[in-house]
Amino acid sequence: MSNTIVITNDGSHTLLSDQFGVSYHSLKGSIQESKTVFIDAGLEYFLGKKQSIKVLEMGFGTGLNAIMSAQFAFFHNAYIDYTGIEAFPIAKEGYQYLNYPEMLNLDENLNGIFQALHINSTVFSSYFKGQVIHQTMEEYTTEEKYDVIFYDAFAPTSQAELWKVEIMQKMYDFLNPEGVLV
């Protein structure tokens with residue numbers, strides 16, 4: 001299946017999922033949504049407390065939250081160890097035309113990270129380690145503990161299985177004691 005690119009109110013792109021019939025990001029603004037919900041409420045919480053932050057994202061999707069996390073780490077002289085879980089990876093035709101690199105003014109290194117996360121299993125830099133695992137959240141198991149969980153599932157009307165008590169308990173169990181789920 002393919003997805004359709006849509007321009008949101010802040011000028012950034014999102015995809016309209018042909019499979020689920022919903023947009024990957026807010027139509028009010030993809031970048032603004034990611035900044036407010038995931039970066040400000042998640043990563044900013046730890047700024048000053050920790051210089052190394054472990055992030056789990058349930059729903060890698062377009063990769064916007066991942067690349068904004070890498071950009072955050074670079075700008076704040078921090079280190080982010082990022083793991084994304086994605087059961088339905090988007091095809092190259094879906095992400096290669098997204099305008100995030102231009103809208104975020106990504107340099108060559110950050111743009112390389114953005115592209116590589118879609119095709120490689122692990123990406124390394126001095127400020128960011130990223131991996132994307134292609135499986136469902138129900139299947140994902142780990143002994144790792146995370147500081148921040150980006151819970152970026154589609155709404156319960158599209159993916160009811162991701163809003164069950166068992167999945168929420170799993171997220172809680174993955175968190176460090178002072179971790180946050182956003």
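Note that the structure is predicted; figures quoted are calculated from it, not measured.
When each of T62, D40, N65, D152 is tested with S34 by the rule side chain to side chain donor-acceptor pair (under 3.5 Å), just one qualifies, namely N65.
Taking every heavy atom of both residues into account, E102 and L98 meet most closely at OE1-O, 4.0 Å. Nearest heavy atom pair, residue P101 against residue F114, reads CG-CD2, 4.2 Å.
In this structure, V123 and Y82 have side chains that are not in contact, with every pair of non-hydrogen atoms separated by 4.5 Å or more. Using a 4.5 Å cut-off on side-chain heavy atoms (C-beta onward), K129 and I80 make no contact. Two residues are said to be in side-chain contact when any heavy atoms from C-beta on lie closer than 4.5 Å; I67 and L104 meet this criterion. Contact check for I31 versus H25: no side-chain heavy atoms found under the 4.5 Å cut-off. No side-chain heavy atom of V132 sits less than 4.5 Å from a side-chain heavy atom of T83. The side-chain heavy atoms of I90 and N3, taken from C-beta on, include a pair separated by under 4.5 Å. A 4.5 Å side-chain heavy-atom check between I5 and T14 finds every atom pair outside the cut-off. The shortest distance between side-chain heavy atoms of I113 and L117 falls below 4.5 Å.
Partners of E143 according to the side chain to side chain donor-acceptor pair (under 3.5 Å) rule, which considers only residues two or more places apart in sequence or in another chain, do not exist here. With sequence neighbours excluded, the residues that form a side-chain contact (heavy atoms from CB on, under 4.5 Å) with S26 are K28, E33.
The 12-atom threshold is exceeded at NZ of K145, counting heavy atoms of other residues, nucleotides or ligands nearer than 6.0 Å. Around the NZ atom of K50, the shell of radius 6.0 Å holds more than 12 heavy atoms that belong to other residues, nucleotides or ligands. Around atom CD1 of I119, more than 12 heavy atoms belonging to other residues, nucleotides or ligands sit under 6.0 Å away. For Q96, the CD atom sits in a packed shell: over 12 heavy atoms of surrounding residues, nucleotides or ligands are nearer than 6.0 Å.
When atom types are taken as modelled, the side chain of E86 and the backbone of H134 share no donor-acceptor pair closer than 3.5 angstrom. Checked by atom type and distance alone, the side chain of D10 pairs as donor or acceptor with a backbone atom of S12 at under 3.5 Å. In this structure a side-chain-to-backbone donor-acceptor pair under 3.5 Å is missing from Q32 to G29. The backbone N or O of L110 sits less than 3.5 Å from a side-chain atom of D107, completing a donor-acceptor pair.
Between Y97 and H13, the ring center distance fails the sub-6.0 Å criterion.
For the pair K49 and Y45, the cation sits on the ring face: its NZ or CZ lies under 6.0 Å from the ring centre, inside 45° of the axis.
In the hydrophobic clustering, M171 connects to L56, M58, I85, I133, M137, Y140, Y146, I149, Y151, L162, W163, I167, M168, F174, L175, L181, either directly or through intervening members, whenever side-chain heavy atoms lie under 4.5 Å apart.
The existence of a salt bridge linking D147 and K54 is excluded, since no basic side-chain nitrogen approaches an acidic carboxylate oxygen closer than 4.0 Å.
Between H76 and F72, the ring planes are tilted. Angles from 30° to 60° get that label.
For the atom pair D81 CG and S69 OG, the distance stands at 11.5 Å (nearest 0.5 Å). Atoms CD and CG, on Q71 and N111 in that order, are 11.0 Å from each other to the nearest 0.5 Å. Of the inter-residue distances, the one linking T36 atom OG1 with E44 atom CD reads 11.0 Å to the nearest 0.5 angstrom. In this structure, F46 CZ and S52 OG are separated by 11.0 Å, a value rounded to the nearest 0.5 Å.
Residues L64 and F20 share a single hydrophobic cluster, defined by chaining ILVMFWY side chains whose heavy atoms lie under 4.5 Å apart. In this structure, F150 is a member of the same hydrophobic cluster as L47, with clusters built from ILVMFWY side-chain heavy atoms closer than 4.5 Å. Under the 4.5 Å side-chain contact rule for hydrophobic residues, M68 and V37 share a cluster.
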### Derivation and outcome, ring-ring contact (aromatic ring centres under 6.0 Å, His included), residues Y100 and Y95
CA-CA 9 Å; Y100 306 147; Y95 68 83; over 10 Å; no
### Task
Please report the C-alpha distance between F74 and Y127 in whole Å, then the side-chain angles of each, then the deciding distance to 0.1 Å, and finally whether the ring-ring contact (aromatic ring centres under 6.0 Å, His included) criterion is met.
CA-CA 6 Å; F74 177 77; Y127 51 88; 5.2 Å; yes
